[in-house]
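All remarks here apply to the structure that follows.
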Amino acid sequence: MNVMIVLGTRPEIIKMAPIIRELRTRRRRFSLVHTGQHYSYEMDRTFFKSLGLPAATVNLNVGSGTHGAQTAKILHRIEQVLLELKPDVVLVEGDTNSVMAGALAAVKCHIPVGHVEAGLRSFDRRMPEEINRIVADHVASFLYAPTPLAARQLRKEGIAVGKILVTGNTVVDSLDWIKKNPALAATVRSLGFSPGRFLLTTIHREENVEDRRRLAGIVDGLHRVARHFDMPVVFPAHPRTKGRLNRWGLENSLKLKNIRLLPPLDALPFMALQTHARLVLTDSGGVQEESCILRVPCVTLRDNTERPETVAVGANLLAGADPGKILAASVRMSNRARSWKNPFGDGRSGRRIVDHLSSIFH
Ligand code: UDP
């Protein structure tokens, strides 16, 4: 078996890590192709180090650009790598341009694709991620659905039952691995915060950061929440978000109030903050899942979610970008008992996926 793993962004590194470690432990042949969609140290290399991953076999260095330009560069450059390395199967994870381009390039070379985290749908086709997921799911041969709901969606779309396997989400495996790090417990205080006495936010979705009105609404919401709870809001800002806050003059208003803008954090300190936050406010897909798994209440700064399992179990509420709704949802969530069930599996998803591949490719 010769597996090629294609990844390009922070969440893909985090969610592919358990599969990569599993392949390495079993001494299976694999290559790691990094598209370079995320390329700064804080969004990329630090994760390889702290998650114990080998360096990428190849880096396509595509960098940022419009959706079309970025997708085209990946498609073009990856084809050459596929022809050279001749993998038996290509694995992609999630919903980025790297996923769609990696999957398309592979099927066009007649190489089967496995899509990890298949079957998620926000039913909002204005989201670039929704298009990427749908394309990847419909060209893949192996669909690793994280939950039964995701598997049901794939069947509804006409994908053959035999291609779908419910594996759980590899993010559970990743959290279990990070939790073992002895440095975790002391991290929150070393960052200058008291456990349970701060709120945590991340914002980076295109619909929020490319729309001044929505971004201003969210910033207003964060101020209201900080005032109501009388707690700092810790805000590790994605580079793109930082750029927009700056361009639209919103960064200064954040500095004056009880909001702590930080650079993007490595997996370990971010996980420490997530574990000990009073509440998480986010538009991230991964952060919605992780807060649900860690039993920390979440308010989602979007009008929809492709992770409805988090809302169904009582771990998450959708608030959009309206400041009043953000405050109301935060108050409601902070009063919820943290007793919901984790809908994302048992932390053995990486093993299941490698077992499945091993049963096919030997
Ligand atoms: N994350 C991190 N540092 C940060 C913010 C997020 O390590 O400063 C992690 C987070 O724990 C989660 C992942 O990044 O595993 C989510 O990535 P992101 O929000 O960029 O993408 P999405 O999940 O929305 O696709």
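Counting starts at 1 for both ligands and their atoms, following the listed order. Position 1 is the first residue of the sequence; numbering continues from there.
- For atom 20 (O) of ligand 1, the closest non-hydrogen atom on the protein side is Arg10 NH2, 2.9 Å.
- Residues His276 and Phe193 keep their aromatic ring centres 6.0 Å or farther apart.
- Heavy-atom proximity to Ile14, at under 4.0 Å, picks out these atoms of ligand 1: 9 (C), 13 (C), 14 (O), 15 (O).
- At the top of the distance list for atom 11 (O) of ligand 1, counting protein heavy atoms only, stands Glu290 OE1, 2.6 Å.
- A salt bridge links Glu129 and Arg205; the closest N-O separation between the charged side-chain nitrogens and carboxylate oxygens is under 4.0 Å.
- The protein heavy atom nearest to atom 1 (N) of ligand 1 is Phe270 CD2, 3.6 Å.
- Atoms of ligand 1 found under 4.0 Å from any heavy atom of Ala267, numbered from 1 in the order shown, are 7 (O).
- The nearest non-hydrogen atom to atom 3 (N) of ligand 1, considering only Val287, Leu265, Leu51, comes from Leu265.
- Counting atoms of ligand 1 from 1 in the listed order, those under 4.0 Å from a heavy atom of Pro264 are 8 (O).
- Distance check: Asp124 CG to Glu207 CD gives 6.5 Å after rounding to the nearest 0.5 Å.
- Near Gly286, with a cut-off below 4.0 Å to any heavy atom, the atoms of ligand 1 are 22 (P), 23 (O).
- Taking a cutoff of 4.0 Å between a charged side-chain nitrogen and a carboxylate oxygen, Asp176 and Lys180 do not qualify as a salt bridge.
- Residue contact check: Gly285 has heavy atoms under 4.0 Å from atoms 22 (P), 23 (O), 24 (O) of ligand 1.
- Taking the charged nitrogens against the carboxylate oxygens, Arg214 and Asp283 have no contact shorter than 4.0 Å, which rules out a salt bridge.
- For ligand 1, the atoms closer than 4.0 angstrom to any heavy atom of Phe47 are 2 (C), 7 (O).
- Within the listing of ligand 1, atoms 8 (O) sit less than 4.0 angstrom from a heavy atom of Pro236.
- Heavy-atom proximity to Ser284, at under 4.0 Å, picks out these atoms of ligand 1: 16 (C), 18 (P), 19 (O), 22 (P), 23 (O), 24 (O).
- Ligand 1 lies less than 4.0 angstrom from a heavy atom belonging to Gln274.
- Only the side chain of His204 comes within contact range of ligand 1, with a heavy atom under 4.0 Å; no backbone atom does.
- At distances below 3.5 Å, at least one donor-acceptor pair connects side-chain atoms of Thr170 with backbone N or O atoms of Lys15.
- For the ligand labelled ligand 1, residue Arg205 lies inside the 4.0 Å heavy-atom shell.
- Atom CD of Gln80 sits in a sparse spot, with 12 or fewer heavy atoms from other residues, nucleotides or ligands closer than 6.0 Å.
- Between the side chain of Arg28 and the backbone N or O of His362, at least one donor-acceptor pair lies under 3.5 Å.
- In summary, Arg240 and Glu206 engage in a salt bridge, as defined by a charged side-chain N under 4.0 Å from a carboxylate O.
- The pair Asp346-Arg352 counts as a salt bridge, with a side-chain nitrogen and a carboxylate oxygen less than 4.0 angstrom apart.
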